[in-house]
A.B. asks: 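I'd like to ask some things about the structure below.
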Amino acid sequence: MKLKKMMTATVALVAGLSLAACGGSSKDAGKDPLEKIKEKGSLVVATSPDYAPFEFQTLVEGKNKVVGADILLAEKLAEQLGVKLEVSSMNFDNVLNSVQNGKADIAIAGLSVSEERLKVFDFSDAYYKVKDMLLVKQDAVKSFGSIESLAGKKVAVQKGTTQETYAKEELKDSSIVSLTQVGEAINELKSGQVDAVLLDSPVALGYTSQNKDLAVADIAFPETEANTKAIAMSKDSGELKTEIDKIIKGLVESGEYENYLKEVAKYTAVE
Ligand code: ARG
């Protein structure tokens, strides 16, 4: 009998340790993520603040601050859920991993919905829609008139993005340069190390307004469901997804998310 008790205790201990290792705990097992968030009193949001106007760094009263339309969205979610917001900044190619390993509750990072991501994560309803856009040097814009014109060119994309997936699958005649930070890609474009950068449309347009030597190419990339922005959370997030979808519905129908984009236009991004 004593041996059986010892075996049961050992199994429980191992189960608890393995759960803790992936960000959970045995007491949380089976709980809806919404219940866990409310119990701990905080909403941890993973983001990659190199993507104005969605999430970017700026100086506010001399201090570095993460701002953006997605950050205002995150603040709204935390307020509606009655918890504290914790913004966890990291490189984009770590954002989804941090949700998967339990270090973050959700990810809001200008994330596009894709079939590949839907296999691993739940996504909220869409809160915004974008297109893919090619950022090039102003003095070379006329040579980029079609997808075929990218043959033989060096096209930079951010690691882990839907643009990286698209470029590697569809731009077979181009040299795809995957970089961790968007800022790196812009620097390489400006210095001539790459010929173009593939980005979400508002981000590309933001760079052309801040840099007179940059322009967007007149190329229409195929529009897919990957052009809608949504919030990522762990699979089977049930009540959390329901609650977030309710909040997003309100923000979209009232035009408040559009107002967030206008509100953050007053900030200038710093690297
Ligand atoms: N929309 C693209 C994607 O979901 C790019 C997002 C990049 N976001 C960022 N904060 N750097 O893959």
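Everything numeric in this text was worked out from a predicted model, so none of it was measured. Counting convention: from 1, in listed order, for ligands and their atoms alike. Heads up: numbering here begins at 1 and tracks the sequence.
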A.B. asks: Could you tell me whether D50 approaches ligand 1 through its side chain, its backbone, both or neither, with non-hydrogen atoms closer than 4.0 Å?
C.D. replies: side chain
A.B. asks: May I ask you to check whether G110 has an N/O atom sitting below 3.5 Å from an N/O atom of ligand 1?
C.D. replies: yes
A.B. asks: Could you check whether D70 and Y260, counting side-chain N and O atoms only, form a donor-acceptor pair closer than 3.5 Å?
C.D. replies: no
A.B. asks: Pull out every atom of ligand 1 sitting under 4.0 Å from any heavy atom of T162, numbered as shown with elements.
C.D. replies: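 Listed by number with element, the hits are 2 (C), 3 (C), 12 (O).
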A.B. asks: I need the atoms of ligand 1 closer than 4.0 Å to a non-hydrogen atom of K229, numbered in the order shown.
C.D. replies: 1 (N)
A.B. asks: Please check if the side chain of E243 supplies one atom and the backbone of E239 the other of a donor-acceptor pair under 3.5 Å.
C.D. replies: no
A.B. asks: Give the atoms of ligand 1, by number and element, whose distance to some non-hydrogen atom of T161 is under 4.0 Å.
C.D. replies: 5 (C), 12 (O)
A.B. asks: Has ligand 1 got any nitrogen or oxygen that is less than 3.5 angstrom from a nitrogen or oxygen of A109?
C.D. replies: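 Checking ligand 1 against A109, an N or O pair does fall under 3.5 Å apart.
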A.B. asks: Taking 4.0 angstrom as the limit and counting only heavy atoms of Q158, give me the atoms of ligand 1 inside it, by number and element.
C.D. replies: 7 (C), 9 (C), 11 (N)
A.B. asks: Show me, pair by pair, the donor-acceptor contacts under 3.5 angstrom made by side chains of residues 81-97, not counting sequence neighbours?
C.D. replies:
unit_1 : atom_1 : unit_2 : atom_2 : d
N91    : OD1    : Q181   : NE2    : 2.5
N97    : ND2    : D93    : O      : 3.4

A.B. asks: Side-chain polar contacts of residues 187-198 - donor-acceptor pairs under 3.5 angstrom, sequence neighbours left out - could you list them?
C.D. replies:
unit_1 : atom_1 : unit_2 : atom_2 : d
N187   : ND2    : G183   : O      : 3.3
K190   : NZ     : N211   : OD1    : 2.8
K190   : NZ     : D213   : OD1    : 3.1
K190   : NZ     : D213   : OD2    : 3.2
S191   : OG     : N187   : O      : 2.9
S191   : OG     : E188   : O      : 3.3
S191   : OG     : Q193   : NE2    : 2.8
D195   : OD2    : K154   : N      : 2.7

A.B. asks: Run the numbers for me: atoms of ligand 1, each under 4.0 Å from some heavy atom of L111, listed by number.
C.D. replies: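 What qualifies from ligand 1 is 4 (O).
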A.B. asks: Donor-acceptor pair, distance only, cut-off 3.5 Å: does the side chain of D200 make one with the backbone of V130?
C.D. replies: no
A.B. asks: For the pair S146 (side chain) and S149 (backbone), establish whether a donor and an acceptor sit closer than 3.5 Å, ignoring hydrogens and angles.
C.D. replies: yes
A.B. asks: Find all atoms of ligand 1 within a distance of less than 4.0 Å from any non-hydrogen atom belonging to Q163, and give their numbers and elements.
C.D. replies: 2 (C), 5 (C)
A.B. asks: Given that the side chain starts at C-beta and the backbone is N, CA, C, O, which of these parts of K159 lies under 4.0 Å from ligand 1, counting heavy atoms, or is it both or neither?
C.D. replies: neither
A.B. asks: Could you tell me whether Y128 and Y257 have their ring centroids closer than 6.0 angstrom?
C.D. replies: yes
A.B. asks: Between Q158 and D50, does a side-chain hydrogen bond (donor to acceptor under 3.5 Å, both in side chains) hold up when you go through it step by step?
C.D. replies: CA-CA 10 Å; Q158 185 173 28; D50 62 350; 2.8 Å; yes
A.B. asks: Within ligand 1, which atoms have a heavy atom of S112 less than 4.0 Å away?
C.D. replies: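 Here the atoms of ligand 1 in question are 1 (N), 2 (C), 3 (C), 4 (O).
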